[in-house]
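Here it is: the structure, laid out below.
Numbering of ligands and ligand atoms starts at 1, following listing order.
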Amino acid sequence: MLESVIPSSRRVIARRDVPFFRYPHVFAQHRAEVERALLGAAQAGAYILQADLRAFEDELAAFCGVRCAVGVGNATDGLELNLRVAGVGPGSEVLLPAHTFVATAEAVVAVGATPVFAEIGPDHLIDANDLEHRITPRTRAIMPAQLNGRTADMDTIGAIAQHHGLAVVEDSAQGLGSRFRGRMAGTFGIAGVFSFYPAKMLGALGDGGAVITDHDDTARALRELRDHGRDEHTGEVVRWGRNSRLDNLQAAVLRVKLRHVTEEIARRRELARRYGRNLSAVREVLLPPLPDVAPGDPHMDVFQNYEIEAERRDDLRAFLAEHGVGTLLQWGGKGVHQFPALGIRQRLPRTDAILSRSLMLPMNTSLTDDEVDYVTEQIGEFYAAG
Ligand SMILES: Cc1ncc(COP(=O)(O)O)c(C=O)c1O
């Protein structure tokens, strides 16, 4: 029962194993449908730029409420191609958070531009109020990372971008299905990028990504760039490009997953609700907002991850590991600016403080309610022990 989850007195809880993520689940979850899709594509010899890819692109665009989707090899490539289409290149600066996968900044560096990091706010997303004083004559774009299945304050970011003539390039690798004022992550700027890395909400059996956009010209340019600069109808090379196509077999799998994504989101929100209720009395942890938000709150979160802040974070993590619970420090616990090899000189004390307390609890649809209860019981035990 929910009410009895946090023990008021010490008692023995039977040990369980709750891994952070179960990779076999990515295949097992909709196995019969996935097998049929894979076999169908393989038997048809449909491997590269084939019908499943086109159908998946149309279905993804419809799901997001935009005109076009373009499948690419992975989200990192999608971000880089997107920046190129947005005209970001050598000499440009791009504003982004440091609490993101290095891929966000990597894409900026790959086009010859310079990443300029802004602080994150209490919701772990780029702080829209920390952008304007970092804008210089060289700034060309703002790249919010829609982390953990939550969308940043796109009202403020959009207004700043418009005022200063900047492009918005959304890294929505973790944001698929999340909304801000009813609009899906990925639909706010010139184009948005999703990752289909297996642990993502829409997980492929390998690498994959897509860029969504409402602009036909942008979509055409992206289709050319991902396929060696070739015009998709004539095959004529019309620009320098590269090879970064979403594999047709992965697209076949992703079509199956997309058909189930609404259930996937609903279940993640249910799990988040359970975590939130179970842990509400533990004052040493700071939780993401509950899924059921107050009227007027613009966010609809989908809980790609469940990232909490915790007192004595490292001790809690070790205690949970001892008791069979897998947790993860996102990016190994370091913001992009904290990898000395990258030579970034910026100081971001607010980001550092949040990162030093952040911890991701298991959050995926292989989790049972009992497993969530076990995880939260163990957290209660840890803090009860003092
Ligand atoms: C925020 C963010 N950006 C970019 C990426 C890169 O995605 P991919 O592995 O598809 O290149 C990821 C993947 O983990 C991510 O979480």
Atom 14 (O) of ligand 1 - nearest protein heavy atom and its distance: Lys200 NZ, 2.7 Å

Donor + acceptor pair across side chains of Asp370, Thr368 (<3.5 Å): no

Between Glu106 and Thr76: side-chain donor-acceptor atoms closer than 3.5 Å: no

Any donor-acceptor pair under 3.5 Å from Ser244 side chain to Val72 backbone: no

Donor-acceptor pair between Thr365 and Gln29 side chains, under 3.5 angstrom: yes

Numbered atoms of ligand 1 (with element) below 4.0 Å of Thr100, judged on heavy atoms: 1 (C)

Shortest protein heavy-atom distance from atom 12 (C) of ligand 1, along with the residue and atom involved: Phe101 CD2, 3.6 Å

All pairs passing ring pair (Phe, Tyr, Trp, His ring centres under 6.0 Å) where residues 100-146 contributes a residue, at least two apart: His99-His124, Phe101-Trp331

Under 3.5 Å: N/O of Leu147 near N/O of ligand 1: no

Atom 4 (C) of ligand 1: nearest protein contact (heavy atom, Å): Asp171 OD2, 3.5 Å

Nearest neighbour in protein (non-hydrogen) for atom 6 (C) of ligand 1: Thr76 OG1, 3.5 Å

Nearest-neighbour protein heavy atom for atom 16 (O) of ligand 1, which is reported as residue plus atom name and distance: Gln174 NE2, 3.0 Å

Ring geometry between Tyr306 and Tyr275 (parallel below 30°, tilted from 30 to 60°, perpendicular above 60°): parallel

Parallel, tilted or perpendicular: rings of His30 and His260 (30°, 60°): parallel

Closest protein heavy atom to atom 10 (O) of ligand 1, given as residue, atom name and distance to 0.1 Å: Ser195 OG, 2.7 Å

Best match, Ala173, Gly209, Ala107: closest heavy atom to atom 2 (C) of ligand 1: Ala173

Side-chain donor/acceptor of Arg183 to backbone N/O of Gly65, under 3.5 Å: no

Close approach of Ala199 to ligand 1, heavy atoms, under 4.0 angstrom: no

For Gly208, atoms of ligand 1 separated by under 4.0 Å from a heavy atom: 10 (O)

